[in-house]
Amino acid sequence: MKRIFITGFALLGLLQSRAQNVPTDSTSYKSKKLKVEEVNLVSSYYNQNGNNSAVTGGIGTEHLTDIANTIDVKLVKYGETGIKHTFNVEAGIDHYTSASSDMIDLSANSSASSSDIRFYPSLSYLRENEATGRSIGIGVSSSTEFDYQSFGANISFSQKTKDRNGEFTAKFQTFIDQLKLIMPIELRPPGNNGYGNDNRNTFAGTLSYSQIINQRLQVMLVGDVISQNGYLSLPFHRVYFADGSVHQEKMPDTRLKIPLGIRASYFLGDNIIIRAYYRYYSDDWSLKAHTADIEVPVKLTQAFSLSPFYRYYTQTGTKYFKPYGEHTAADEYYTSNYDLSKFDSSFFGMGMKYTPPNGIFGLKHWNTLEIRYGHYTRTTNMTSDIISINIKYK
């Protein structure tokens, strides 16, 4: 936990010298030079426990810890014609330890898979014509860890209505992934300690429309179509059959997902906002799910607010899932990964936001400190806790 605070405040110190010299623009002035508009420093700590590890066939420890740190920098400039150009540069690094991944090699006291580091930078650009309400954006990203390399790209288009109360957005994303096929130790060919490779591709299209209904109510409708192809199993997941034999997880090489959602924000007076969200999900692996989420930020003072939240999730489970020892040779596809089983879950917690008028610790441009804690429970007896800290410069 201590590492979270050290990382966040060290980055704050590195950027403070520059923040002191940045002039505050008037509301009418639009800078034609590229300037830093916002910086977010986010650190989080995640801890998970359970007894249904897919690495050991649906039984065994799911203990996992993850420490994540990201920095997100937003830069803005206006062109000679008044076009707004926005650049977002983000870099993140995670370090996790996983007791379940350590069991890929059952004979080792500690295998190379027991911990790993993930690095994930991204860059995006948005061109906005404020006069017409039209925006076009592009972005690229990557994610790297020991057994996984992903490259992503996206393009988006947005158009506001004439009265600026509505906005239509279309976005297309693609992720091209390469996986290192780390098999359970007992399923590797004799004398072969190397790893094979395979590919996974994801293509996602999103359409959304947001509308200001009145001074108090705003709504958004969102629909996605997500298509995946390639190696969609996880190579180090074991599946134990009814006859006692052990196999490597086997799933179809295509998957089509369709989530549909609605989001609403209602301003209940000057100090309370009710934010609600519902999503229905369906895919061709016969998994169906419902998500309902509510958050109620309450402004207690000019500088301090609390945000209790709750999310309920339920899913039917995919037709390819069976628990430990229940699959047979008659099954074409098989998994004992409880993420694909039938379960219900709850996630609840509290957020705290502090925006002092003179800035955090008297540093004028570092204007927001936000801390969030959440506790997750699942009917498969898995639990987790996460705490995150966000410090914002603006």
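Because the structure is predicted, anything quoted here is derived from the model rather than measured.
The side-chain tip of R311 does not point at the ring of F309 from less than 6.0 angstrom away and within 45° of straight on. Cation-pi geometry between R200 and Y231 is not met: the NZ or CZ atom fails to fall both under 6.0 Å from the ring centre and inside 45° of the normal.
To the nearest 0.5 Å, atoms CZ (F175) and CD (Q173) are separated by 4.5 Å. Between Y45 atom OH and I386 atom CD1 the span is 11.0 Å, to the nearest 0.5 Å. Rounded to the nearest 0.5 Å, atoms CG (N40) and CG (N390) are 4.5 Å apart. A distance of 11.0 Å separates CD in E167 from CD in Q211, rounded to the nearest 0.5 Å. A distance of 6.0 Å separates NZ in K353 from OG in S305, rounded to the nearest 0.5 Å. Rounded to the nearest 0.5 Å, atoms CG (D331) and NE2 (H247) are 10.0 Å apart.
Defined by atom type and a distance below 3.5 Å, a donor-acceptor pair is present between the side-chain atoms of K288 and S282. Remark: the N229 side chain and the T254 side chain contain no N/O donor-acceptor pair separated by less than 3.5 Å. S158 and T169 share a side-chain donor-acceptor pair at under 3.5 Å. Under the 3.5 Å distance criterion, with hydrogens and angles disregarded, a donor-acceptor pair is assigned to the side chains of E249 and T335. Neither side chain, D385 nor N47, offers a donor N or O lying under 3.5 Å from an acceptor on the other. Residues T377 and S346 have side chains that never bring a donor and an acceptor to within less than 3.5 angstrom of each other.
The shortest side-chain heavy-atom distance between H290 and Y278 falls under the 4.5 Å cut-off. In this structure the side chain of F87 reaches within 4.5 angstrom of the side chain of L34, judged on heavy atoms. A heavy-atom distance below 4.5 Å is not found between the side chains of R275 and V296. Y96 is not listed as a side-chain neighbour of Y46, based on a closest heavy-atom distance of 4.5 Å or more. With a 4.5 Å cut-off on side-chain heavy atoms, S143 and R118 count as touching. Side-chain contact check for H327 versus S336: some heavy-atom pair is nearer than 4.5 Å. K160 has its side chain out of reach of N129: every pair of non-hydrogen atoms, C-beta onward, lies at least 4.5 Å apart. A heavy-atom distance below 4.5 Å is not found between the side chains of T355 and N367.
Under the 4.5 Å side-chain heavy-atom criterion for ILVMFWY residues, a single connected hydrophobic cluster contains both I274 and V298. Grouping the Ile, Leu, Val, Met, Phe, Trp and Tyr side chains by contacts below 4.5 angstrom, directly or via other members, places I389 with L41. Criterion: ILVMFWY side-chain heavy atoms under 4.5 Å apart, direct or through other members. Under it, I226 and F203 are not part of a common hydrophobic cluster. Hydrophobic clustering (side-chain heavy atoms under 4.5 Å, transitive across Ile, Leu, Val, Met, Phe, Trp, Tyr) groups I371 together with Y354. The hydrophobic clustering, which links ILVMFWY residues whose side-chain heavy atoms are closer than 4.5 Å, places L260 and V219 apart.
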Is there a side-chain contact (heavy atoms from CB on, under 4.5 Å) between S43 and N69 once you walk through the steps?
CA-CA 4 Å; S43 293; N69 298 283; 2.5 Å; yes
Checking salt bridge (Lys or Arg N to Asp or Glu O under 4.0 Å) for the pair K392/E370: CA distance, chi angles, key distance, verdict?
CA-CA 8 Å; K392 180 182 292 185; E370 186 172 6; over 6 Å; no
Step by step, would you call V39 with I71 a side-chain contact (heavy atoms from CB on, under 4.5 Å)?
CA-CA 7 Å; V39 178; I71 178 170; 4.3 Å; yes
How far apart are the C-alpha atoms of M352 and Y373, what are their side-chain angles, what is the distance that settles it, and do they pass the side-chain contact (heavy atoms from CB on, under 4.5 Å) test?
CA-CA 9 Å; M352 182 277 290; Y373 166 76; over 6 Å; no
Please walk me through it: do D224 and K171 pass salt bridge (Lys or Arg N to Asp or Glu O under 4.0 Å)?
CA-CA 9 Å; D224 298 282; K171 187 173 184 178; over 6 Å; no
Let's go through F267 and Q215 carefully: what are the C-alpha distance in whole Å and the side-chain angles of both, what is the deciding distance for side-chain contact (heavy atoms from CB on, under 4.5 Å) to 0.1 Å, and is it a yes or a no?
CA-CA 8 Å; F267 294 81; Q215 290 184 337; over 6 Å; no
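Between Y320 and W285, the angle of the ring planes goes over 60°, which puts this pair in the perpendicular group of the 30/60° scheme. Classification of the Y195-F146 ring pair by plane angle, with boundaries at 30° and 60°, yields perpendicular. Using the six-membered ring where Trp is involved, H365 and Y393 have ring planes that are tilted, between 30° and 60° apart.
Of the residues K319, R255, K342, the one that meets the side-chain contact (heavy atoms from CB on, under 4.5 Å) test with L287 is R255. For the salt bridge (Lys or Arg N to Asp or Glu O under 4.0 Å) with K74, the qualifying choice from E90, E37, E38 is E37, the only one to do so.
Not a single donor-acceptor pair under 3.5 Å links the side chain of D293 to the backbone N or O of Y277. For the pair E128 (side chain) and G137 (backbone), a donor-acceptor distance under 3.5 Å is absent. Between the side chain of R134 and the main chain of Q159, no donor-acceptor pair closer than 3.5 Å is present. Side chain of T301 to main chain of A303: a donor-acceptor pair is present (N/O by atom type, distance under 3.5 Å, no hydrogens or angles). A donor-acceptor pair is defined here as one N or O able to donate and one able to accept, closer than 3.5 Å; no such pair exists between the side chain of R127 and the backbone of H85. A donor-acceptor distance shorter than 3.5 angstrom exists from the side chain of N52 to the backbone of G58, with no hydrogens or angles considered. Remark: side-chain polar atoms of S265 are not paired, donor with acceptor, to backbone N or O of Q218 under 3.5 angstrom. With Q48 contributing its side chain and E62 its backbone, the two residues share a donor-acceptor pair below 3.5 Å.
Nearest heavy atoms, V225 versus L256: CG1-CD1, 4.0 Å. Of all the heavy atoms in V89 and L75, the pair that sits closest is CG2-CD1, 4.3 Å. Counting all heavy atoms, side chain and backbone alike, Q315 lies closest to A289 at CB-CB, 3.8 Å. Closest of all the heavy-atom pairs between R378 and S345 is CG-CB, 4.1 Å. The nearest pair of heavy atoms linking R164 to A131 is NH2-O, 2.7 Å. Minimum heavy-atom separation, I391 to W366: CG2-CE3, 3.8 Å.
Within 6.0 Å of NZ on K257 lie more than 12 heavy atoms contributed by other residues, nucleotides or ligands. Residue-environment remark: CG (D270) stays at or below the threshold of 12 foreign heavy atoms within 6.0 Å.
Taking the ring centroids of F321 and Y338, they lie under the 6.0 Å cut-off. Aromatic ring centres of Y313 and F347 lie farther apart than the 6.0 Å criterion allows.
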